[in-house]
Structure formats: C-alpha cells, structure tokens
Amino acid sequence: MNANQESGASLAQFDALQSDAALDARDLNLDVILDVPVTLSLEVGRARMPIRNLLQLNQGSVIELERGAGEPLDVYVNGTLIAHGEVVVINDRFGVRLTDVVSPSERIRRLR
C-alpha cells in the first residue's frame, strides 16, 4: 500500500488545458474587463528647461511648449498613446474631439 492509499487521499483529476490558439473570439468574455478603470490624459505639449529656470517660475510665468498652436493633442490611456485630438468646449467644460485613432497593431508595436 502506498502513502496515498493509507491516508485515504486520491489523485486529483483535471481537464485537459486548451492552448491559446484553441480559444476564439466567441470564448472571450470582455464583460470581465469593461468596468476596469483606466487613466485618460491629454498632452498639450512639452518643454525642457534647466532647474534654474524652473525655480524662477511664478504666477503669470509663460512656458513655451515644443508643439505648435494648431497641432493636435496627444491622447493617452495609462501612458499609451491611443489617439490625437483637438480641444472643444461643451457646456462651459473642456472636451476633446478625436481626429485620429492609433491602430491596435501600432499601439502594440509602440509597447515593445
């Protein structure tokens, strides 16, 4: 008699695992992730300056950005560029109108 038989334990039975290739779109349930919160941010432009100049900033200071006035904003989700857009005003609030959405394949390429 082996140790499993003496203790009354038995071997566990598991179903065969499917490979990722065996899963298709019908098997995926996106409802699981639809309520996951993400951070959406817009970048108007960037500027580089020495700390000396940064410490001299005060109320009313103007910082010149690298981006031109007519260029679109960058739209990021969790730090990944997903689109470009333009600022709009909706009922006294700012919004963004998407003018170009980055393709999923391009987003994946940029992650690497």
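What you see is a predicted model, and the numbers here were worked out from it, not measured in a lab.
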inquiry  = To the closest 0.5 Å, what do you measure between CE (M49) and CG (L57)?
reply    = 5.0 Å
request  = Specify the closest pair of heavy atoms between L73 and V44, including all atoms of both residues, with the distance to one decimal.
outcome  = CD2-CA, 3.6 Å
ask   = Mind checking what makes side-chain contact (heavy atoms from CB on, under 4.5 Å) contact with S103, not counting sequence neighbours?
value = S105, E106
ask   = R52: what forms a salt bridge (Lys or Arg N to Asp or Glu O under 4.0 Å) with it, not counting sequence neighbours?
value = none
Enumerate, atom names and distances included, each donor-acceptor pair closer than 3.5 Å involving a side-chain atom of residues 92-100, sequence neighbours excluded.
| unit_1 | atom_1 | unit_2 | atom_2 | d |
| --- | --- | --- | --- | --- |
| R97 | NH1 | E86 | OE2 | 2.8 |
| T99 | OG1 | H84 | O | 3.2 |

request  = Give a yes or no on this: more than 12 heavy atoms of other residues, nucleotides or ligands lie within 6.0 Å of atom CD of Q56.
outcome  = yes
ask   = Are V38 and V75 in one and the same hydrophobic cluster, where Ile, Leu, Val, Met, Phe, Trp and Tyr link if side-chain heavy atoms are under 4.5 Å apart?
value = yes
key: Partner residues of V62 under the side-chain contact (heavy atoms from CB on, under 4.5 Å) criterion, sequence neighbours left out   = none
key: Shared-cluster residues of L81, by chain and number - hydrophobic side chains joined below 4.5 Å   = Y76, V102
key: Partner residues of I90 under the side-chain contact (heavy atoms from CB on, under 4.5 Å) criterion, sequence neighbours left out   = V88
task = Output yes when E43 and R67 qualify as a salt bridge under the 4.0 Å nitrogen-oxygen rule, no when they do not.
result = yes
ask   = How far apart are the closest heavy atoms of A47 and I63, and which atoms are they?
value = CB-CG2, 3.7 Å
